2 protein chains.
Amino acid sequence: MARILVVEDETDIQEILEYNLKRDGHDVVLTGTARDGLRHARERRPDLVLLDLMLPDGSGTELCKTLRQDAATRGVRVVMLTAKGEEIDRVIGFELGADDYIVKPFSVRELLLRVQAVLRRVSTGESGETTQFGTLRVDRGAHRVWVNGQEVELTALEFKLLLTLHDRRNRVQTRDALLSDVWKIDADVTTRTVDTHVKRLREKLGAAGIYVQTVRGVGYRFAERPDEVA
Amino acid sequence: MARILVVEDETDIQEILEYNLKRDGHDVVLTGTARDGLRHARERRPDLVLLDLMLPDGSGTELCKTLRQDAATRGVRVVMLTAKGEEIDRVIGFELGADDYIVKPFSVRELLLRVQAVLRRVSTGESGETTQFGTLRVDRGAHRVWVNGQEVELTALEFKLLLTLHDRRNRVQTRDALLSDVWKIDADVTTRTVDTHVKRLREKLGAAGIYVQTVRGVGYRFAERPDEVA
DNA sequence: TTGGTTCGTCACAAGGTCGTCACCTTCGCG
DNA sequence: CGCGAAGGTGACGACCTTGTGACGAACCAA
């Protein structure tokens with residue numbers, strides 16, 4: 001189905017990834033170091049690299065950056081794996097050019113779904129960096145947002161909130177889910193905080209604010225139109 | 001909030017789990033053997049199974065595998081409980097498709113957080129969450145409903161009621177069964193409340209309201225045609 | 001330090017939701 | 001047909017949820 005390179009030093013995680021990815025019909029190669037990872041990536045040009053943030057011989061972020069810049073690995077998709085609490089978040093991950101970002105411990109299902117999603121974007125030619133959604137354009141890497149071509153200034157938190165909603169569009173997100181995905185692990189905030197930031201986000205998005213929909217008694221949903229067909 | 005099956009032979013752990021999960025608003029059933037666990041899982045279709053690795057009548061890994069393969073328990077989430085030192089089985093647990101694992105002795109807080117996280121993925125993770133039933137289309141993830149392509153706005157409670165009826169379609173649900181499945185655990189309401197909400201649901205579903213059928217003296221049934229029997 | 005920005009919380013108001021009740025309609029049965 | 005019971009219906013009030021503006025703490029750059 002796709003060629004996937006796993007760069008991860010913990011052998012049990014390696015095994016889990018190998019077993020499940022192969023079961024999903026992928027062609028899997030395992031490496032435990034950044035050096036081997038880069039070599040394999042250049043030689044084999046995998047479709048996707050699953051990349052641990054913490055590696056024995058260097059950080060995964062460096063490798064990620066290299067993969068992005070190296071001509072030999074142009075077009076390779078990168079999904080970062082990070083342990084909870086590591087000083088990186090979604091936004092930083094995206095700045096490095098990662099296509100997605102998964103926090104350990106992760107559910108196997110979730111991982112497979114994300115991998116599928118990234119691969120799907122590859123095959124449909126959708127860019128990993130910027131996405132157009134209705135009148136809204138988002139550039140993850142540059143951290144910029146436009147509504148009808150007009151740039152909108154968002155704070156880091158608002159941007160992250162928008163990304164999270166956008167990435168799970170057409171799915172209701174409970175306030176708790178948003179809190180755990182957008183806010184820091186140790187953040188001690190109430191669910192009402194989400195409301196306030198949703199309000200500010202809508203405000204800044206202007207006309208595109210209607211994409212952020214309230215599902216009363218449940219949470220928020222990002223969708224194009226009220227009657228959109230799922 | 002969710003139906004949780006605990007398969008664990010140590011009674012003190014059982015008690016801790018039961019107490020805390022119930023306090024979190026979950027509906028909890030306890031079993032101590034793999035056999036009972038499987039039976040309950042098939043009958044009750046819990047949202048989540050908390051599964052001890054070491055059971056008196058067989059390993060939890062076997063049960064996990066069975067739960068994954070059995071059509072009657074499709075979609076059930078599994079969280080494995082393992083004693084320290086059973087590290088090897090951690091990998092096996094993931095390979096078998098467990099959604100998470102927790103090492104004993106665990107902090108109650110951590111357990112509850114993990115359970116929450118896994119349950120949240122249930123409602124947001126799965127793809128292909130829309131089902132077509134006659135003229136009715138339901139998207140669980142987005143919390144949206146269409147009748148003949150026209151979106152219908154349901155409240156959280158109405159939506160849950162519809163899902164519950166739909167999931168047990170062609171089978172009569174007594175008012176009491178609906179109350180315990182749809183309403184909060186501590187809800188103190190009369191069975192007539194169900195009637196009222198069925199009425200509101202039918203009203204909003206319009207033409208598709210005929211799917212919600214009254215079985216006089218018993219309860220309600222969700223079916224395509226009035227004479228359909230399961 | 002100072003000034004500006006960002007963010008979390010609060011209180012309030014508007015409106016939505018839900019449980020109940022009284023009354024009406026329908027059904028099953030003789 | 002008439003009766004009683006079960007279920008449908010409409011209305012209402014209590015409660016809950018969310019949007020909103022304001023405020024102060026924390027942070028940061030100059």
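Since the structure is predicted, the reported quantities are computational estimates derived from the model, not experimental observations. Reminder, nothing fancy here: chain letters follow the sequence lines and each chain counts from 1.
- Residue whose closest nucleotide on DNA chain D sits further toward the 5' end, between B:V218 and A:Y220: B:V218.
- Rounded to whole Å, the distance from CZ on A:F159 to C1' on C:dT6 is 17 Å.
- To the nearest angstrom, P of C:dT20 lies 12 Å from CG of B:L157.
- A:K199 places its NZ atom 16 Å from the P atom of C:dA14, with the value rounded to the nearest Å.
- Applying a 4.0 Å cut-off to non-hydrogen atoms, the residues of residues 200-207 of chain B that approach DNA chain C are B:R200, listed by residue number.
- Distances shown here put every side-chain N or O of B:R192 at or beyond 4.0 Å from the OP1 or OP2 atom of C:dA22.
- Under the side chain to side chain contact (heavy atoms under 4.5 Å, CB included) test applied with A:L50, the options A:V118, A:L5, A:V6 reduce to a single match, A:V6.
- Nucleotide C:dC18 holds its P atom 9 Å from the CH2 atom of B:W183, rounded to whole Å.
- Summarising the geometry, the separation between CD1 on B:I210 and P on D:dG8 is reported as 15 Å, rounded to the nearest angstrom.
- Protein atom CG of A:D195 is 13 Å distant from nucleotide atom C1' of D:dC16, rounded to whole Å.
- Here B:E203 pairs with B:K199 under the side chain to side chain donor-acceptor pair (under 3.5 Å) rule; sequence neighbours left out.
- Listed by chain and residue number, A:R202, A:Y220 satisfy the side-chain contact (heavy atoms from CB on, under 4.5 Å) test with A:T214 (two or more places apart in sequence, or in another chain).
- When heavy atoms are screened at a 4.0 angstrom cut-off, A:T155 is found touching the sugar-phosphate backbone but no base atom.
- Scanning all heavy atoms of the two residues, the minimum distance from A:L157 to A:V182 falls at O-CG1, 4.2 Å.
- Contacts of A:R137 classified as side chain to side chain donor-acceptor pair (under 3.5 Å), with partners at least two apart in sequence or in another chain: none.
- Taking atom NZ of B:K160 as the reference point, atom P of C:dC18 lies 11 Å away to the nearest angstrom.
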For nucleotides 26-30 of chain C, which of its nitrogen or oxygen atoms have a protein nitrogen or oxygen under 3.5 Å away, and what is each distance?
from	atom 1	to	atom 2	distance (Å)
C:dC27	O2	B:R216	NH2	3.4

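- Each of C:dG19, D:dT18, D:dG10 was ranked by its minimum atom distance to the side chain of B:H197; first place goes to C:dG19.
- Taking only side-chain nitrogens and oxygens, A:T214 comes nearer than 4.0 Å to OP1 or OP2 of D:dG19.
- Taking A:T155 as the reference, A:E158 meet the side chain to side chain donor-acceptor pair (under 3.5 Å) condition, with sequence neighbours excluded.
- When the ring pair (Phe, Tyr, Trp, His ring centres under 6.0 Å) test is applied to B:F133, the partners found at least two apart in sequence or on another chain are B:H166, B:Y211, B:F222.
- Counting non-hydrogen atoms under 4.0 angstrom, B:T196 reaches a base of the nucleic acid.
- Taking five base pairs at each end of the helix from C:dT1-D:dA30 to C:dG30-D:dC1 and finding the rotation axis that steps the C1' atoms of four pairs onto the next four gives two axes whose angle is 40°, to the nearest 10°.
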Worksheet entry | Chi angles and distances behind the side-chain contact (heavy atoms from CB on, under 4.5 Å) call for B:D181, B:R168 | CA-CA 11 Å; B:D181 282 348; B:R168 312 226 209 307; 2.6 Å; yes
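- Residues forming a side-chain contact (heavy atoms from CB on, under 4.5 Å) with B:R39 (at least two apart in sequence, or on another chain): B:D36, B:E43.
- Partners of B:A177 by side-chain contact (heavy atoms from CB on, under 4.5 Å), not counting sequence neighbours, listed by chain and number: B:Q173, B:T174.
- Contacts of B:T31 classified as side chain to side chain donor-acceptor pair (under 3.5 Å), with partners at least two apart in sequence or in another chain: none.
- Residues satisfying the ring pair (Phe, Tyr, Trp, His ring centres under 6.0 Å) criterion with B:F159, sequence neighbours excluded, are B:H143.
- When the P atom of D:dC15 is taken as reference, atom CG of B:D188 falls 14 Å away, rounded to whole Å.
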